[in-house]
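Proteins come first, then strands; the chains are lettered A, B, ... in the order of their sequence lines, and each starts at number 1. Since the model is a prediction, treat every value here as computed from it, not as a measurement.
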Amino acid sequence: MVSYAGMTAPGRYFEDIQLGEEYESPGRTVTETDIVLFAGLSGDYNVLHTDAEFMKQSIFGERIAHGLLGLAVQAGLFTRATQAYATLAFVGLRWKFKGPIKIGDTIRLRARVVAKKETTKPDRGLITLERKVLNQRGEVVQEGETDLMVERRVG
Amino acid sequence: MSAELTYFEDVAVGEELATPAITLTEAHVNLYRGLAGEPVEDPGAVPELLPLCLSTGLGWRVPRPPLAVTAFLSVEWDFLQPLRAGDTIYGASRAAMRRPLREGGIIIEDHEVVDQRGVVVQRGRFTFLVAKRPAADTPQKGAVSP
């Protein structure tokens with residue numbers, strides 16, 4: 001669906017990905033710059049992310065990252081956690097924001113293959129990953145599941 | 001807080017909002033990929049999470065003050081159709097549920113991302129913790145006027 005003509009990535013096929021496989025990404029420190037850029041890109045200027053003075057009075061004590069920024073960063077970390085899948089499309093997401101990501105926090109992704117489903121189309125299958133985003137103290141700040149449509153070797 | 005916000009009490013279940021549209025460009029794709037830390041293989045292919053990320057910001061550009069979100073609790077989302085740079089999307093939302101808590105309340109919104117052909121390309125649900133109207137906003141007994 002989203003594959004680019006002539007750029008079939010040498011990714012791992014549906015058959016190669018084993019149930020229970022686990023990956024852990026390197027860490028990434030979330031900076032003020034990331035939050036400012038994300039506010040500009042998304043247009044989400046909620047005070048939670050943009051007003052340092054207001055946030056001094058809040059339970060967080062300072063600005064926090066947009067939840068969706070954490071989601072985007074973990075998607076990038078996934079590409080550094082394991083060899084690429086032969087992904088055709090990202091089809092579904094069930095996600096919880098459990099705790100704040102503050103400026104200077106270092107997050108990493110832990111992911112595990114929890115389901116493999118064949119589909120009606122013989123050239124693809126659905127892989128469900130359970131993902132946890134952990135901060136430098138090992139606290140889970142985000143977690144959920146993602147469904148990826150992955151190419152099969154025999155199409 | 002001085003700026004007007006939409007508080008928990010102001011939200012009615014069934015209320016529908018449509019945002020202005022935004023044309024997705026290669027600049028959006030490159031900015032997003034750089035921020036997420038994903039390789040840019042095809043700058044014309046819109047990353048699936050990008051429209052989801054834009055839908056919260058688009059939600060600010062409706063004829064209603066921004067929702068007084070104190071925490072984004074969860075998102076469930078289906079990515080139905082791929083998008084390319086040059087496609088134009090808007091967001092449509094509906095308040096699906098509200099549940100009062102001691103501090104604020106829970107608001108669940110159903111969201112759709114619709115393209116220039118009217119096709120729903122992404123769809124899902126946001127759950128927010130939303131602040132109640134602060135007591136300072138209502139006249140208080142014994143309050144001194146400035």
Side-chain angles (χ1 to χ4, degrees), chain A residues 1-7 9 25 28 33-35 37-48 51 54 57-60 64 66-80 84 87-100 142-149, chain B residues 1-3 5 19-20 22 27-39 41-61 66-84 103 122-129 131:
Chain A
M1 271 157 78
V2 187
S3 63
Y4 181 47
M7 277 209 67
S25 78
R28 179 168 158 193
T33 306
D34 293 324
I35 297 173
L37 281 172
F38 192 85
L41 177 62
S42 68
D44 181 349
Y45 287 94
N46 190 306
V47 291
L48 289 167
D51 186 339
F54 176 83
Q57 323 295 321
S58 75
I59 54 164
F60 303 116
I64 60 169
H66 303 73
L68 293 174
L69 170 58
L71 179 64
V73 168
Q74 71 75 31
L77 287 173
F78 180 69
T79 69
R80 298 164 61 196
T87 304
L88 295 166
F90 183 5
V91 295
L93 170 75
R94 295 166 295 283
W95 203 254
K96 285 189 165 67
F97 305 100
K98 313 272 289 186
Q142 303 193 354
E143 68 180 351
E145 287 186 347
T146 55
D147 303 322
L148 302 173
M149 196 61 79
Chain B
M1 199 182 314
S2 52
L5 290 170
T19 72
I22 189 166
H28 288 103
V29 175
N30 285 318
L31 278 170
Y32 172 84
R33 295 275 195 206
L35 195 49
E38 289 177 346
E41 288 177 354
D42 170 12
V46 172
E48 286 91 340
L49 288 176
L50 175 57
L52 167 60
C53 291
L54 294 177
S55 67
T56 52
L58 283 173
W60 280 58
R61 298 170 54 202
L67 195 61
V69 173
T70 49
F72 191 0
L73 299 179
S74 67
V75 55
E76 291 157 50
W77 208 254
D78 294 322
F79 308 92
L80 305 171
Q81 297 287 334
L83 287 161
R84 302 282 307 174
E103 304 270 337
Q122 300 195 350
R123 175 169 58 209
R125 194 158 245 230
F126 292 158
T127 304
F128 293 119
L129 181 62

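- At a 4.5 Å heavy-atom cutoff, the contact between A:Leu48 and chain B is made by side-chain atoms alone.
- In this structure, CH2 on B:Trp77 lies 9.0 Å from CG on A:Leu68, to the nearest 0.5 angstrom.
- Only the backbone of B:Thr70 comes within contact range of chain A, with heavy atoms under 4.5 Å apart.
- For A:Ile59, no part lies under 4.5 angstrom from a heavy atom of chain B.
- The number of heavy-atom neighbours closer than 6.0 Å to CZ of A:Arg28, taken from other residues, nucleotides and ligands shown, is above 12.
- How far CH2 of A:Trp95 is from OG of B:Ser74: 12.0 Å, rounded to the nearest 0.5 Å.
- Note: B:Val69 leads B:Thr127, B:Val69, B:Leu50, B:Asp78 in heavy-atom pairs under 4.5 Å with chain A.
- The shortest non-hydrogen separation linking A:Tyr45 to B:Trp60 is C-CH2, 3.5 Å.
- Closest approach of A:Ala75 and B:Glu38 over heavy atoms only: CB-OE2, 3.3 Å.
- Between chain A and the options B:Ala27, B:Pro47, B:Ala36, B:Gly37, the largest number of non-hydrogen pairs under 4.5 Å is found for B:Ala36.
- The side chain to side chain donor-acceptor pair (under 3.5 Å) search around A:Ser42 returns none, not counting sequence neighbours.
- Counting heavy-atom pairs closer than 4.5 Å to chain B, the top residue among A:Gly92, A:Ala39, A:Gly144 is A:Gly92.
- Between A:Phe38 and B:Cys53, the closest side-chain pair of non-hydrogen atoms falls below 4.5 Å.
- Heavy-atom distances place no part of A:Phe78 under 4.5 Å from chain B, backbone and side chain included.
- Residues B:Thr56 and A:Asn46 form no side-chain contact, since every pair of their non-hydrogen atoms from C-beta on lies 4.5 Å or further apart.
- Of all the heavy atoms in B:Phe79 and A:Phe90, the pair that sits closest is CB-O, 3.1 Å.
- Nearest heavy-atom pair, B:Leu49 versus A:Ala72, reported as atom, atom and distance to 0.1 Å: CD1-CA, 4.3 Å.
- Applying the side-chain contact (heavy atoms from CB on, under 4.5 Å) rule to B:Leu58 yields the partners B:Thr19, B:Ile22, B:Arg61; only residues at least two apart in sequence or on another chain are considered.
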